[in-house]
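In this chain, residues are counted from 1 in sequence order. If you're wondering where the values come from, they're calculated on a predicted model, not measured in any experiment.
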Amino acid sequence: MPVITIEAGKLEKEQKRALVTELTSTASTIMNVPESAFIVLIKESERDNIGFGGKLLSDR
C-alpha cells in the first residue's frame, strides 16, 4: 500500500481535496497501482512553527 506524504503550510479543505485527488491519480498512473491502494497524508505547519534563515516565517 503506497503512502504519499506532503508537508505544507495551512491549506483550505478544497486545496487538500485537490492535492489528494491529483497526487493519487498521478502516482497511480506512474506506478501502475490502483488508486484505491494509496494513502495520502497531509501535514500542515503553521507559520509560527517554521523557522527559515534564523527567523519564524510569521515574522518575515
Side-chain angles (χ1 to χ4, degrees):
M1 166 176 343
V3 177
I4 299 169
T5 303
I6 185 166
E7 293 189 34
K10 192 76 172 152
L11 299 169
E12 298 293 324
K13 188 171 184 177
E14 196 55 42
Q15 292 173 305
K16 293 177 194 180
R17 184 176 286 116
L19 274 171
V20 168
T21 300
E22 294 298 323
L23 291 171
T24 301
S25 176
T26 300
S28 173
T29 299
I30 292 169
M31 297 173 68
N32 198 28
V33 174
E35 289 187 11
S36 60
F38 284 86
I39 295 174
V40 178
L41 303 173
I42 300 172
K43 297 181 179 182
E44 291 180 290
S45 297
E46 297 288 339
R47 293 176 62 86
D48 287 343
N49 296 334
I50 302 170
F52 181 77
K55 297 186 186 234
L56 292 175
L57 284 182
S58 59
D59 292 339
R60 296 184 95 184

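Contact annotation: the side chain of R60 approaches that of L57 to within less than 4.5 Å [non-hydrogen atoms, C-beta and beyond].
When the side-chain contact (heavy atoms from CB on, under 4.5 Å) test is applied to S58, the partners found at least two apart in sequence or on another chain are R47, D48, L56. Partners of I39 under the side-chain contact (heavy atoms from CB on, under 4.5 Å) rule, at least two apart in sequence or in another chain, are M1, V3, L41.
If you take OG1 on T21 and NZ on K16, they are separated by 13.5 Å, rounding to the nearest 0.5 Å. Interatomic distance, CD of E35 versus CG of L23, reported as 11.0 Å (0.5 Å rounding). The structure places CG of N49 at 11.0 Å from NZ of K10, a figure rounded to the nearest 0.5 Å. Taken from CD1 in I6 to CG in L19, the straight-line distance is 5.0 Å, to the nearest 0.5 Å.
Closest heavy-atom contact between V33 and S28: O-OG, 2.5 Å. Scanning all heavy atoms of the two residues, the minimum distance from E12 to Q15 falls at N-OE1, 2.7 Å.
Hydrophobic clustering (side-chain heavy atoms under 4.5 Å, transitive across Ile, Leu, Val, Met, Phe, Trp, Tyr) keeps I42 apart from I50.
S45 places no side-chain N or O within 3.5 Å of a backbone atom of G9 that could act as its donor or acceptor partner.
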